[in-house]
Amino acid sequence: MQEFGENIQQAHDEKLGRHLVASISIEPGDTILEERPLLVAPHWECHQLKCAQCLQESYVICRRCQVFPLCMDCSQHDEFECEFFASGAGKALCKDILVKNFGICGLLKLLLLLENPNTQADCQMLIGVPINLGDYRDGEGMWQEHEELVVRPLMECGLVDCLPTQQLTSDVLHAHCIRIDSNSFEVTAKDGDTLKGVFVWGATLPHHCVPNTVVALDEQFNMKLYAAVPLQPGDIIYNSYTNPLMGTSQRQHQLRLSRRLECTCTRCLDPTEMGTHMSSLKCKECGGFSVCEIDSNGKLGDWRCPDCKALLTAAEVHELQAEVGSALVDAMGDLQVYEALLTQYGPLLHPNHFMLLDIKQNIASILRAAALMNSMDQPCKKLLARRVELCSDLLPVCRAVVPGISKLYAIGLFEYLLALVELVELQFAESDLNKKEYVAHLKTASLVATEAMDLLRFEPENSAEGYLADRISMELERIESDLKKYGR
Ligand SMILES: [Zn+2]
Ligand SMILES: [Zn+2]
Ligand SMILES: [Zn+2]
Ligand SMILES: [Zn+2]
């Protein structure tokens, strides 16, 4: 069982179940929890064999058990799971169960953890939480996928008979699949592929759309949870399971689908979404902004203008959102189409509306890719300036929706930094900027880089964010040396 530090303690209540609360005052950046994963598994639909030990691509099978894949770097995997097929209860099973149905890998690993006396207790915390299968059986999405890729192949391969004490039925297996899905964090293997990591204590963190912690995951799949904002004794430790750049209706839809959760957090109950107006529309009558009316249970109603009281029905708003949504899909990465969408829908929505932000992010990333490949036609200063503008539009929203230490904001700052430096270097080279103006821009860039690095300083070195911090630090060195050269 994982131990946690003395700054948090366990709590239990009806609504949240088992969870963690601060036991003393905690500073931003302070570590709250460090945990090794109970289980790291490929996605159900993964067909590429992955090493049972390090989860990188694999083309050979463990010579001892002849069931689990291994890679060239790993000579063995978990002793219990290897032994189970080498000479234990699973010895007589067909050796190609994973080769034929790699989708079962994650669940197979969980079943063996449940069978292993040393890991049973850790698993109990996870599987002790009841799942109402009726909520999932006929719903959208996951049930059918679980049935075809995992449950049926597992029921048919004979494994169930080798694990009699677990009394496995197809319903039990479905519940396990749902637990793995709804409790997993996205972790990244060394080869860059994403995987599902399940953490026993991590799984107990309740959701809040404005989390008070940051989850850091390193290349060995270890989790470190640290405080994003100051915490007081008794504060519940929250994590977020949605994308903060989604609007309330989108986040709630996603939470319903993935976790059967009706969120009533402060952001979900706030029609302005922390002052960002990410779901607000332009009022057709007075030019102000219509906000969604939300009841105390978080149920979204119609949109109303607080100034002139004009009404926009929920149906009208949903229709508009669906229209923009499908136009976004149809845009298929075409820069001109995205710009035309901004021109068309910009006047109907608040400038921070989540769909405009989505379009802007799309444009910014196309422009970034074009800059990387040097494929921009001349004159590109105009496009670089556009990228700077889009990146800076996103910053205040990122800042507002994830307060405190925020990876999202750090990444936003980094994108802005790259765009800005590229633009001003070119402008200076082509004499559009004089030395004094160039130096002023470099000073701004230096402040942006410093702020971004500051936000990433609690991330592990061997993580994607750790590498990003190195990249920003190199950029900062370059900026500082230019500042020295051209005078401060
Ligand atoms: Zn390996
Ligand atoms: Zn083996
Ligand atoms: Zn919420
Ligand atoms: Zn109005």
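Just so it is clear, the values below take in all heavy atoms, side chains as well, and ignore hydrogens, waters and symmetry mates. Atoms within each ligand, like the ligands themselves, are counted from 1 in listed order. The chain is numbered in sequence order, starting from 1.
At the Zn ion (ligand 3), the vertex angle linking SG of Cys268 with SG of Cys209 is 100° (nearest 10 degrees). Seen from the Zn ion (ligand 2), atom SG on Cys82 and atom SG on Cys65 lie at an angle near 120° (rounded to 10 degrees). Remark: at the Zn ion (ligand 2), atom NE2 from His77 and atom SG from Cys62 enclose 110°, rounded to the nearest 10 degrees. One finds an angle of 100° at the Zn ion (ligand 4) between SG on Cys286 and SG on Cys305, to the nearest 10 degrees. The angle subtended at the Zn ion (ligand 4) by SG of Cys283 and SG of Cys308 is 100°, given to the nearest 10°.
Considering CG of Leu111 and CG of Asn116, their distance stands at 12.5 Å, rounded to 0.5 Å. Between the OH atom of Tyr345 and the CE atom of Met355 there is a distance of 8.5 Å, given to the nearest 0.5 Å. A distance of 5.5 Å separates NZ in Lys284 from CG in Leu312, rounded to the nearest 0.5 Å.
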task: Under the side-chain hydrogen bond (donor to acceptor under 3.5 Å, both in side chains) rule, what do Tyr338 and Gln361 come out as? Steps first, then yes or no, please.
output: CA-CA 10 Å; Tyr338 288 121; Gln361 280 175 285; over 6 Å; no
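Under the 3.5 Å distance criterion, the side-chain polar atoms of Gln166 are left unmatched by any main-chain donor or acceptor of Leu114. Checking side-chain atoms of Gln56 against main-chain N and O of Lys190 turns up no donor-acceptor pair under 3.5 Å.
Inclusion of His207 in the first shell of the Zn ion (ligand 3) is not supported: no N, O or S atom falls under 2.8 Å. Not a single N, O or S atom of His208, from either the backbone or the side chain, sits less than 2.8 Å from the Zn ion (ligand 3).
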